[in-house]
Each structure stands twice: as C-alpha cells, then as structure tokens.
Amino acid sequence: MNLLNNLKSSDDIKNMSIAELYSLCEDLRRFLLSNVSRTGGHLASNLGVVEITVALHNVFDTAVDRLIFDVGHQCYTHKILTGRKDGFSDLRGLGGVSGFPNPSESDHDAFLAGHASTSVSTAIGMARARTALGEDYSVIALIGDGALTGGLAYEGLSDAGHSEEPLIIILNDNEMSITENVGGLAMHLSRLRVRPYYLSLKKVYRKTIAKVPVIGKAIDNFLRKVKTGIRDALLPSSMFENMGFNYLGPADGHNIKEVCKLLKIAKSMSKPTVIHLKTVKGKGYKFAEEAPEIYHGVSEFDIKNGEPKDVAPLSFASEFGNTMLKLAEEDTRICAITAAMQAGTGLDEFASVFEDRFFDVGIAEGHAVTMAGGLAKQGMIPVCAIYSSFTQRAYDMIFHDVCLQNLHVVFAIDRAGFVGDDGQTHQGIYDVGMFLQMPNMRVFCPSGISDMRHILRFAARELSCPVAIRYPRGGSDVYSSNATSYEPVLLRRGVDFAIVAYGRLVENAMKAADLLDRQGLSVSVIKLTEISNLSYDKLSGCLDGIGRIFVVEECVSGGSVASLLALSFSESDTDIGVSAINLGSDTVPHATVEQLMHIYKLDAEGIAGKVLSAAKRQRKAKALRLTG
C-alpha cells in the first residue's frame, strides 16, 4: 500500500507506527525521484532529509510550531506532507509550487528562505516573540553543516545559546563540509546521554550532592571536570555546550525511532538545544549518494542511469572558466575565489590545475570579498566568482574593503538577470544598482560569450581598479565583438526612436527593431558593454535625430541605467526623453526565463509593443496640438 497516496494531512503521520513511517519514507523517495527527474530541482539535499522531515511532522504541528529551513531547498518533503503534493508536477514552474519555503504559499512555511546561514537568527527571533507575547509553540531550525560555513550562523548560535529561550536547532551533518566521523564509542556514549533514566539520574545526583555539607560543591566541580575532559575527547559537543546549548547526539538521522525520541526530549527541555544528526546526502539513489554535488541542483534526467536529458551548450560560466585557465597560465598573480559554487561558476578545472591559487571559502560571501581585498592589497589579482543574488550578502565588504580603497578585484557576477525557476530569492535583478553606486567600480555586461573572453582579459590584465562583469546563466554568442574599446556601439541606425540595451537583451532589442520596421518605425539599437560612467555625452554620437530612447534592462528600476541616463539627459542641453523598460519595483516569481521575459515585456514582442505604444501617444499628442 502506498501510504503517501492515502495521506490526508500531516496529522496522519502522528498516528503511524515506526514501520509505517519507514514505509512512508520509501514512498516519498520514489515520489521525489519521479518528479524531480522530470521538472529539475534540488535532489540530493531533499533525499537526505526525508526521515528527519517525517520525524518532525510526527512530533510537531508545523501549522502552529515554527519550522525554519536553512537555505530552504531541502523543503520538498515538508511541502509534500503539507498538502502540496499535487503541485509537484509543475515544481518551480509558473504558478506551480516554489522550490523554497514561502509563507504566502502555506501556513506550514514559517519563513521565506533562499539564502544560507539564516535559520538560527530567525529562530531566536521567533522564540523571543513567543515569550514576549506569552504564546506556546515550539521553534525548530534545521541547518546543514554546509550552512555553518557562513558567519551569520555563528552570530545566531552565540546569541541563541546564551538566551535561555527554549528552541531546537537540528544540525543535519551529511559530511559535506565541516564534521568528521565520530566513531562507534562516541555514538554509544551519545545514546546513553539521552536515555530518560540518564536524564532523571542526572537531576537526582545534582540535588543529592548539593546537600552534602562543605565538600558537596567541591565534589561536584571535580566530577564535572572529569566528565568534561572525557566528553571533549570523544564527542563533538563542547562547542555547542560552551555556547549554552543542551547537546543531543550525534545520532543516525535516518533512524526514525531515534530521531523522534530526540525531538521529544528536546521539546521537553526548557533551554536551547542542539540535536546533531548524521545523514547521507542523496540517500536512496545511488548516483546522488556517490556524487551529491552533481545532484545538488539538477535539470531533467533519466532515473535509470542518472544522465541529464539535455547536454548544456557552451555557456558564459564555461567560457569564464576557460579564460581563467589561460590568464592564470600567463600571470602567477591571478587567483580565483568562490563561495561554495566551484562547479556552478565554471571553476572546476581551475581548481584542479591551480590548486594553490583557488580558494573556496564556503557559504561566506562577505569573507570572500574581504579576503579578495587583502589579496589585492598585497599584489595578487583576485577574481571573485559569485552568483548575483548571493553578492547582495557582501554589500558592505564590496564598498568598504575593495571599492573605497580602489583595489584591483575582479567580480565575476554569474546568474545576473532572470534565473527562472529558483524564484524570487535568487533572481539577479538588484546588482546593477548595487555596483553602479560603488566608488571606483567599473561594470561590464557581455552580450555574448566572446565578449566575456575579451572583457575578462581586459579587466584582469589592463585595469587596476575594482571591476564587475555581470552575465546570465547559459549564454550565446550573438552580437559579440572583438573590440577592445567598450564605448556604446550603434548596431542599427534609425530615425524615430532608439533602443539602448546591454547583456543578453541586445539580441531581443535587435529582434524588436525588426518587428518595428515592419510597422513602419525606424529604430536605432545601441549596445552598451560598459554600464558604469554613462552620460548623455557618451551616447550623443549615436542619437542623431532621435527624440526618445528606450532603455531595456533585467533589473529593478532603482539604480538602473535608465534612471541614471534620465538624470544625465535632464541635466544636459537636450530634449531627448528617456523611457525605461525594466522590472519596476516588482519581486520576480519562479518561472522559465522565457516566460519572465514575456511577462515583463523584455522579449522582442514586449519591447516592440512598448515602443509602438509610445509612437501612438506621440502621434496623438501631435494631432491634438495641430487641431488645438
């Protein structure tokens, strides 16, 4: 019998036997594999937390109790168990289930989570709110050992451990980052420590020894020191206990009976508690177990052999990696930094060939940037490869530790613009405004893969200031140029309007110009490769006879190129108007990149439609003036 298909709500899990819970876990793994192999998504991390998630729903009510996921991409089982199973056929698709927790989607999702190392800080905030308001519910944070490479996690742990607020932190240790195997003796001792009779005996002992006159306190202190010495030699608990937590574990995170017992013990405690659970990332699917980093985030694949169904073409990331190899061969000062995204940023081969000049700092973007500043100050040329949305986490470090000192750090900003199915927490739509604010920063946007090659070389070998090169996932090689000058380029001359574009939107702008030509409108297309230091003067040579320009961008309006150009044009001696085609102040949902381009009028048809509407308004205004 398939228990998952018969599950009416997560409350049903509370009445299941241990055997039934294990059976449910098998059903869940089959369901995850069947669906994620068709839709893509985060696979290995979700397979690894099936038993933990089932146990959590056995012990807690997540509609009332607050379960906070760190990063959030391991929430699939939680979503399946809380009424969203049917939505998995369109996981991360437009209108479908989000790949991350989202309170607007369900009351069972306690907090929006898409970036790492935030769960403990969120949990202590919720626990304090509960106490302040006199309410009664449990607060649980589920954090992986990978997220513990982020400094914010330790800020939260430091505060939570000494807060005395009852809350539970589950450390999902899948040996992907920080924790070594602890051995059989440590596992045995940990099991002894959490048995009910042990906890009861501990309380009786403390009450009894306290009554012994004169020497009772000395005996207790001596025995505590002996116990601490033995424990510290055998168990990885001292860090958490020194921070003020009760520590339970380590235990097998795939042993549902053990996990449920630990959760119940932690729930009964009146102080912050860490439960340390060891798991296998990719559990139950041999390809994911053997290569969890490859199956962390997947596109559509064949379950039988684990092979992707579509082979990725040459991309900006791969060209970045190839060019970095050549640059590092030419110049021993060049080094690469990434924040737990070695493969995603195209640096696998660089890490292998130049091991001594490759630094993966973990999920610590702020540290990555400040370290890059230190490297640059002492004569190295660091190239810091980070996804656009994760770069937001290092805003202060980019300003203070690189740009303010005018240090030569090259930022390779991957996943700029729409990223599609990962949704609102991952869209690269804010970095334009961020980088254009920075002193001494130059910002480049290659429209094609060849552009990437030349810009990266120029940034690393010719410039001596902070540089950001921003580019999207995937890539093509249209409208690239081999020019070493990065001034605005007139790709197509028209007389009615001009479309100004950069990055991959140059292609859409050219297609829009073709559509407008068929409507009788003559439109210029201007390609920007560098978007910093722009002004009317820089564009004026491309604008003969043009009365209005349309700036198309995959970014929000605040700090956009359009807003900066509008200001520059208003301060210059010109009547040329500036219109923006961008995202306004919207947050962007999960959908395909093509769908998002259509929704926000950034595809060829949308751009052409915006220009046509302006032309009609212009003709109407002219007609009114003539008749008036």
Side-chain angles (χ1 to χ4, degrees), residues 2-4 7 13 16 18-59 67 69-81 85 88 91 99-100 116 140 142-148 170-182 184 187 190 249-263 275-298 301-308 340:
N2 190 309
L3 289 171
L4 180 59
L7 199 70
I13 298 170
M16 288 184 179
I18 295 297
E20 288 174 323
L21 293 176
Y22 276 116
S23 180
L24 176 62
C25 289
E26 292 306 308
D27 293 342
L28 284 161
R29 282 199 170 88
R30 282 191 292 269
F31 181 86
L32 285 169
L33 278 168
S34 174
N35 281 272
V36 176
S37 66
R38 289 184 288 102
T39 63
H42 290 93
L43 182 64
S45 54
N46 281 287
L47 292 174
V49 297
V50 170
E51 285 84 3
I52 292 175
T53 310
V54 168
L56 281 164
H57 282 279
N58 177 262
V59 176
L67 171 59
F69 289 90
D70 209 287
V71 184
H73 56 232
Q74 76 280 44
C75 69
Y76 292 7
T77 294
H78 166 72
K79 291 199 171 196
I80 293 165
L81 297 176
K85 173 173 167 282
F88 269 71
L91 174 67
F100 295 87
I140 312 103
L142 175 59
I143 184 169
D145 57 325
L148 285 180
I170 300 171
L171 171 56
N172 172 32
D173 176 5
N174 54 34
E175 298 183 350
M176 290 300 293
S177 187
I178 63 168
T179 311
E180 297 178 355
N181 290 327
V182 294
M187 296 283 278
S190 73
D252 180 0
H254 301 297
N255 183 327
I256 292 183
K257 185 176 181 180
E258 185 77 2
V259 176
C260 286
K261 180 174 72 173
L262 291 174
L263 289 173
I275 303 176
H276 182 174
L277 300 176
K278 298 185 70 62
T279 61
V280 176
K281 196 169 184 179
K283 174 76 171 175
Y285 185 54
K286 72 170 187 173
F287 299 112
E289 288 186 25
E290 292 167 359
E293 68 285 352
I294 293 174
Y295 289 87
H296 170 73
V298 296
F301 68 96
D302 188 327
I303 294 178
K304 292 180 182 177
N305 57 28
E307 294 293 328

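Residues: numbered from 1 along the sequence shown.
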Task: Basic-acidic side-chain contact under 4.0 Å: Arg29, Glu51 - done: yes

Open item on the list: So, using side-chain hydrogen bond (donor to acceptor under 3.5 Å, both in side chains) as the criterion, who are the partners of Asn58 when residues are at least two apart?
Closed with: none

Open item on the list: Can you list everything that forms a side-chain contact (heavy atoms from CB on, under 4.5 Å) with Val280? Sequence neighbours excluded, please.
Closed with: His254, Lys283, Glu289

Task: Test item: Ile170 and Ile140 side chains (from C-beta on) under 4.5 Å apart, heavy atoms - done: yes

Open item on the list: If you define the side chain from C-beta out and look only at heavy atoms, does anything of Gln74 sit under 4.5 Å from His42?
Closed with: no

Open item on the list: Taking side-chain hydrogen bond (donor to acceptor under 3.5 Å, both in side chains) as the definition, give me every residue that meets it alongside Asn172, ordered by chain and number, with sequence neighbours left out.
Closed with: Thr279

Task: CZ-CG distance between Phe31 and Asn46, expressed to the nearest 0.5 angstrom - done: 11.5 Å

- [ ] Would you please test Lys261 and Glu258 for side chain to side chain contact (heavy atoms under 4.5 Å, CB included) and show each step?
- [x] CA-CA 5 Å; Lys261 180 174 72 173; Glu258 185 77 2; 3.6 Å; yes

- [ ] Determine the minimum heavy-atom distance between Cys75 and Gly99, stating which atoms define it.
- [x] SG-O, 3.8 Å

Task: Sequence-distant partners of His78, side-chain hydrogen bond (donor to acceptor under 3.5 Å, both in side chains), two or more places apart - done: His57, Asp109

Open item on the list: Can you confirm whether Asp173 sits close enough to Leu277 that some side-chain heavy atom of one is under 4.5 Å from a side-chain heavy atom of the other?
Closed with: no

Task: Beyond-backbone contact of Leu47 with Lys281, side-chain heavy atoms, under 4.5 angstrom - done: no

Open item on the list: For Asn255, give me all partners under side-chain hydrogen bond (donor to acceptor under 3.5 Å, both in side chains), at least two apart in sequence or on another chain.
Closed with: none

Open item on the list: As an exercise, state the distance from CG of Leu43 to NE2 of His73, rounded to the nearest 0.5 Å.
Closed with: 11.0 Å

Open item on the list: Quick one, Val59 and Val259 - any side-chain contact, counting heavy atoms below 4.5 Å?
Closed with: no

TODO: Answer whether the closest heavy-atom distance between the side chains of Leu28 and Leu4 falls below 4.5 Å.
DONE: yes

Side-chain donor/acceptor pairs under 3.5 Å, residues 18-26, sequence neighbours excluded:
| from | atom 1 | to | atom 2 | distance (Å) |
| --- | --- | --- | --- | --- |
| Glu20 | OE1 | Ser17 | N | 2.8 |
| Glu20 | OE1 | Ser17 | OG | 3.4 |
| Tyr22 | OH | Ile256 | N | 3.1 |

Open item on the list: For the CG atom of Leu142 and the OG1 atom of Thr53, what is their distance to the nearest 0.5 Å?
Closed with: 6.5 Å

Open item on the list: Using 30° and 60° as the class boundaries, would you call the ring planes of Phe301 and Tyr285 parallel, tilted or perpendicular?
Closed with: tilted

- [ ] Answer yes if the ring centres of Phe88 and Tyr76 are under 6.0 angstrom apart, and no otherwise.
- [x] yes

- [ ] Could you grab the distance from atom CG of Leu7 to atom CG of Asp27, nearest 0.5 Å is fine?
- [x] 10.0 Å

